[in-house]
Amino acid sequence: MKILILGGTTEARALAGALAGRDDLFVTLSLAGRTANPLPQPVPVRSGGFGGVDGLERYLREERIDALIDATHPYAATISANAAHAAAATGVKLLALSRPPWTRTEGDHWLEVASVAEAVAALGSVPRRVFLALGRKEIEPFATAPEHVYLVRSVDPVDPPLPVPHAIYLTARGPFSETDDRALLERHRIDVVVAKNSGGAASYGKIAAARVLHLPVILLQRPALPDVEAVETVDEVVAWLDHPSTSAATRGV
Ligand code: NAP
């Protein structure tokens with residue numbers, strides 16, 4: 001069976017690792033090609049966009065892919081929509097490996113917003129010290145609020161930097177622990193965190209640290225994703241591949 005994993009996440013890498021040793025499967029992992037130094041992967045990798053939904057359809061046909069696993073990040077809505085369309089058009093089986101979102105617990109002060117522009121507005125006009133953990137592609141709108149001090153963490157450098165007078169840049173790749181993120185927030189005297197609701201453990205440190213420090217968190221709501229069969233763990237993907245007649249629950253249902 002030929003399998004294409006759409007990746008760029010910790011889970012996609014873990015899934016590739018779980019399937020790598022099997023001689024009944026030919027597994028390829030697809031990366032968008034965004035990070036300058038991607039981590040080594042346990043299976044062959046292809047990199048870069050397919051050229052929209054038509055390009056992905058062509059790839060699935062030409063490579064004779066039997067099963068497509070969408071293990072992309074929950075905010076990667078375009079590639080997930082393309083995967084759903086291309087799988088339907090080609091008859092390739094599709095399964096999404098989806099991280100459940102974090103849920104609010106006691107002590108959390110979350111403000112959920114629908115867009116980055118709303119997150120900027122939610123900061124208000126009184127200068128604040130803001131931890132921006134959104135990913136470097138999303139932060140441009142904060143240029144319209146130069147009165148704040150920004151601590152920006154991303155995997156690759158932010159280039160060009162934000163045109164604001166006070167910004168500090170950190171490049172780091174998760175996982176990030178609560179202890180380390182708490183120390184970071186304290187060291188920079190952060191008073192508000194802006195983040196995506198990524199789910200999973202690797203980036204939860206800042207959320208847990210904000211709770212302990214009684215800091216508000218402005219959380220960007222997740223984008224709508226296509227209703228396709230979805231599971232939450234690598235083991236469930238393996239079981240689905242091994243028992244093709246079984247079906248998983250539809251995402252969001
Ligand atoms: P996106 O907006 O859904 O995708 C934009 C375009 O990038 C897609 O149309 C596709 O180009 C290409 N692409 C995305 N993922 C791809 C993959 N795995 N393999 C080949 N092409 C891919 O996604 P994004 O938000 O830019 O995210 C890009 C990648 O980074 C994803 O793999 C995602 O898992 C990972 N990531 C995203 C976030 C996030 O917050 N968005 C966080 C961590 C990791 P074509 O249309 O040309 O095929």
Side-chain angles (χ1 to χ4, degrees), residues 3-16 27-39 41 43-63 65 67-87 89-90 92 94-99 101-102 113-116 119 132-142 152-156 158 171-176 193-207 218-226 228 230 232 234 237 251:
I3 297 166
L4 178 66
I5 304 171
L6 300 173
T9 56
T10 313
E11 291 80 0
R13 191 157 175 270
L15 174 62
V27 183
T28 303
L29 178 67
S30 177
L31 299 176
R34 299 279 156 71
T35 40
N37 296 301
L39 289 172
Q41 300 286 343
V43 298
V45 169
R46 66 155 304 284
S47 186
F50 296 94
V53 66
D54 295 344
L56 181 54
E57 266 185 56
R58 202 174 317 116
Y59 183 95
L60 295 176
R61 288 205 171 91
E62 285 177 4
E63 297 296 323
I65 299 295
L68 177 61
I69 310 296
D70 176 7
T72 56
H73 194 271
Y75 286 75
T78 307
I79 189 71
S80 291
N82 289 356
H85 283 115
T90 55
V92 170
L94 169 65
L95 183 67
L97 172 55
S98 287
R99 280 185 216 161
W102 300 316
V113 294
S115 67
V116 179
L132 273 190
L134 282 181
R136 77 193 149 103
K137 289 190 307 163
E138 264 87 14
I139 63 171
E140 212 181 289
F142 291 90
V152 183
R153 181 167 70 191
S154 55
V155 175
D156 283 312
V158 177
T171 51
R173 201 196 294 265
F176 302 106
V193 173
V194 184
K196 288 175 176 165
N197 190 338
S198 296
S203 55
Y204 191 68
K206 58 183 176 280
I207 304 294
I218 299 173
L219 263 192
L220 190 60
Q221 281 165 1
R222 287 186 168 196
L225 294 173
V228 299
E232 295 180 356
V234 166
V237 178
R251 177 156 43 197

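Whatever order the structure lists ligands and atoms in, that order sets their numbers, starting from 1.
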May I ask you to test the [X]-[Y] pair for a side-chain heavy-atom distance under 4.5 Å?
X: V113; Y: L220; answer: yes
X: E11; Y: V237; answer: no
X: L39; Y: R173; answer: yes

Would you tabulate the polar-atom pairs, meaning N/O of ligand 1 against N/O of the protein, with distances under 3.5 Å, reported to 0.1 Å?
from: ligand 1; atom 1: 3 (O); to: A76; atom 2: O; distance (Å): 3.3
from: ligand 1; atom 1: 3 (O); to: A77; atom 2: N; distance (Å): 3.4
from: ligand 1; atom 1: 3 (O); to: T78; atom 2: N; distance (Å): 2.9
from: ligand 1; atom 1: 3 (O); to: I79; atom 2: N; distance (Å): 2.9
from: ligand 1; atom 1: 7 (O); to: R34; atom 2: NH2; distance (Å): 2.7
from: ligand 1; atom 1: 18 (N); to: G7; atom 2: N; distance (Å): 3.4
from: ligand 1; atom 1: 18 (N); to: G7; atom 2: O; distance (Å): 3.4
from: ligand 1; atom 1: 18 (N); to: S30; atom 2: O; distance (Å): 3.0
from: ligand 1; atom 1: 19 (N); to: S30; atom 2: OG; distance (Å): 2.7
from: ligand 1; atom 1: 26 (O); to: R34; atom 2: NH1; distance (Å): 2.4
from: ligand 1; atom 1: 26 (O); to: K137; atom 2: NZ; distance (Å): 2.6
from: ligand 1; atom 1: 32 (O); to: G7; atom 2: O; distance (Å): 2.5
from: ligand 1; atom 1: 34 (O); to: G7; atom 2: O; distance (Å): 3.0
from: ligand 1; atom 1: 34 (O); to: H73; atom 2: N; distance (Å): 2.8
from: ligand 1; atom 1: 40 (O); to: H73; atom 2: ND1; distance (Å): 3.3
from: ligand 1; atom 1: 40 (O); to: K196; atom 2: NZ; distance (Å): 2.4
from: ligand 1; atom 1: 46 (O); to: G52; atom 2: N; distance (Å): 3.0
from: ligand 1; atom 1: 47 (O); to: F50; atom 2: N; distance (Å): 3.3
from: ligand 1; atom 1: 47 (O); to: G51; atom 2: N; distance (Å): 2.9
from: ligand 1; atom 1: 47 (O); to: G52; atom 2: N; distance (Å): 3.3
from: ligand 1; atom 1: 48 (O); to: F50; atom 2: N; distance (Å): 2.7
from: ligand 1; atom 1: 48 (O); to: G51; atom 2: N; distance (Å): 3.4

Quick one: side chains of residues 194-204, donor-acceptor pairs under 3.5 Å with protein atoms, not counting sequence neighbours, listed by atom name and distance.
from: K196; atom 1: NZ; to: L134; atom 2: O; distance (Å): 3.1
from: K196; atom 1: NZ; to: E138; atom 2: OE1; distance (Å): 3.2
from: N197; atom 1: OD1; to: W102; atom 2: N; distance (Å): 2.8
from: N197; atom 1: ND2; to: W102; atom 2: O; distance (Å): 3.1
from: S198; atom 1: OG; to: H73; atom 2: NE2; distance (Å): 3.3
from: Y204; atom 1: OH; to: R211; atom 2: NH2; distance (Å): 2.5

(message) Please enumerate all residues that pass side-chain contact (heavy atoms from CB on, under 4.5 Å) together with A77, with sequence neighbours excluded.
(response) P223, L225
(message) Taking side-chain hydrogen bond (donor to acceptor under 3.5 Å, both in side chains) as the definition, give me every residue that meets it alongside T90, ordered by chain and number, with sequence neighbours left out.
(response) none
